[in-house]
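Numbering starts at 1 and runs along the sequence shown.
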Amino acid sequence: MSLLFTHLLHSLRRPDHWVYGSWLDTVVKYRKTRLGIVWLLIPTAVYIWGIGGFLAALQPGISAPNFLAHVGMGFLVFRLLSTVLVDATSVFASSQSYIYDGHLRLTDFVLRSVARSFYYFMLSLPVVAIAVLASPQFDPAGLAASIAGMAVVLLNLFLYGVLFSIAGVRFPDLHELMGSAIMALFLITPIVWYSNAASAETLHGQLMRLNPLYHLLAVVRGPLLQETIELTTYAYLGGLTLVGVLLASVVYGAKARRVPVWL
């Protein structure tokens with residue numbers, strides 16, 4: 001078994017750091033505010049009924065309830081993806097003292113980043129659920145497939161979180177680069193527009209289909225809202241996951257011991 005998965009198993013058996021630590025990160029951040037973690041719900045509500053409602057009003061031909069559900073799920077999943085990928089590039093630097101102490105595995109810090117963003121996802125989910133349940137396209141039968149899609153998302157976030165976290169230590173500029181890249185990827189990810197508007201024969205359609213965030217989003221949102229998932233999405237995600245397993249295993253095995261030196 002590779003070093004990565006050996007450390008991962010140990011982290012899963014001792015979840016105290018990344019499960020409880022990430023929850024404390026979330027609670028402590030808002031403990032001095034009057035509304036507390038309720039502040040987590042406000043950006044989601046503003047995005048759905050504010051931005052989503054405004055854009056729906058600009059397109060009289062579309063169904064507003066369906067569009068708001070589409071935007072809500074898109075925003076929620078994209079925020080999960082983007083937060084983990086950006087945070088991963090600086091997660092080791094922000095945990096430098098713990099890493100020097102040597103009692104925790106590097107996988108603990110990656111899992112902590114994923115868990116913290118997943119808490120944000122779960123706490124905001126009730127707001128998005130209101131928009132989804134109000135949509136005529138909502139399909140309860142797609143819930144199981146959506147959960148399976150989320151499992152694929154979390155697996156890939158961990159794998160590529162490992163890669164970006166190690167790369168972020170070696171190349172600190174990666175954090176700024178990733179922030180800019182996420183902004184660009186937002187434009188070619190169908191969050192506030194429908195994917196059928198980007199034909200595969202067009203340049204923007206090809207860019208959308210090359211975008212991994214589009215495919216990761218599609219397998220979570222599509223089953224719930226009866227949105228078509230292209231067969232290429234399943235092939236893309238299969239290849240993405242396989243490449244992630246191989247690269248993360250090789251890079252972690254070769255470079256994990258150098259992280260304290262780079263820090």
Taking every non-hydrogen atom, the tightest pair across G142 and P223: O-CB, 3.3 Å

Could you tell me whether a side-chain N or O of R209 sits under 3.5 Å from a main-chain N or O of A198, the two making a donor and an acceptor? yes

Would you call the rings of Y194 and H70 parallel, tilted or perpendicular if under 30° counts as parallel and over 60° as perpendicular? tilted

Close side-chain approach of E230 to Y214, heavy-atom, < 4.5 Å: yes

Donor-acceptor pair, side chain of Q137 and main chain of Q226, under 3.5 angstrom: no

Answer whether the closest heavy-atom distance between the side chains of I130 and W49 falls below 4.5 Å. yes

Taking all non-hydrogen atoms of both residues, which atom of S135 and which atom of P65 are closest, and how far apart? CB-O, 3.8 Å

For the student: nearest non-hydrogen atoms of L76 and S124, plus distance: CD1-CB, 3.6 Å

Ring-plane angle category for Y47 and F186, please: parallel below 30°, perpendicular beyond 60°, tilted otherwise. perpendicular

For S199 and T202, the nearest pair of non-hydrogen atoms, with its separation, is O-OG1, 2.7 Å

According to salt bridge (Lys or Arg N to Asp or Glu O under 4.0 Å), who are the partners of D173, at least two apart in sequence or on a separate chain? none

Here the pair of heavy atoms bringing V192 nearest to V71 is CA-CG2, 4.2 Å

Test L224 against D139 for side chain to side chain contact (heavy atoms under 4.5 Å, CB included), laying out the working first. CA-CA 5 Å; L224 282 179; D139 181 14; over 6 Å; no

Not counting sequence neighbours, list each pair that qualifies as a ring pair (Phe, Tyr, Trp, His ring centres under 6.0 Å) and has a residue in residues 150-183. none

Tell me, do V153 and L81 make a side-chain contact under 4.5 Å, heavy atoms counted? yes

Which value, rounded to the nearest 0.5 Å, describes the distance between I166 atom CD1 and K255 atom NZ? 9.5 Å

Please give me the minimum heavy-atom distance between T241 and L155, naming the atom from each residue. CG2-CD2, 3.7 Å

So F5 and V245, do their side chains get closer than 4.5 Å, heavy atoms only? yes

Answer yes or no: is there a donor N or O on one side and an acceptor on the other, between the side chain of T107 and the main chain of H7, under 3.5 Å? yes

Would one find more than 12 heavy atoms of other residues, nucleotides or ligands at under 6.0 Å from atom CG of L58? yes

Is any side-chain heavy atom of I191 closer than 4.5 Å to one of L217? yes

Short question: side chain of N211, backbone of L207 - any donor-acceptor pair under 3.5 Å? no

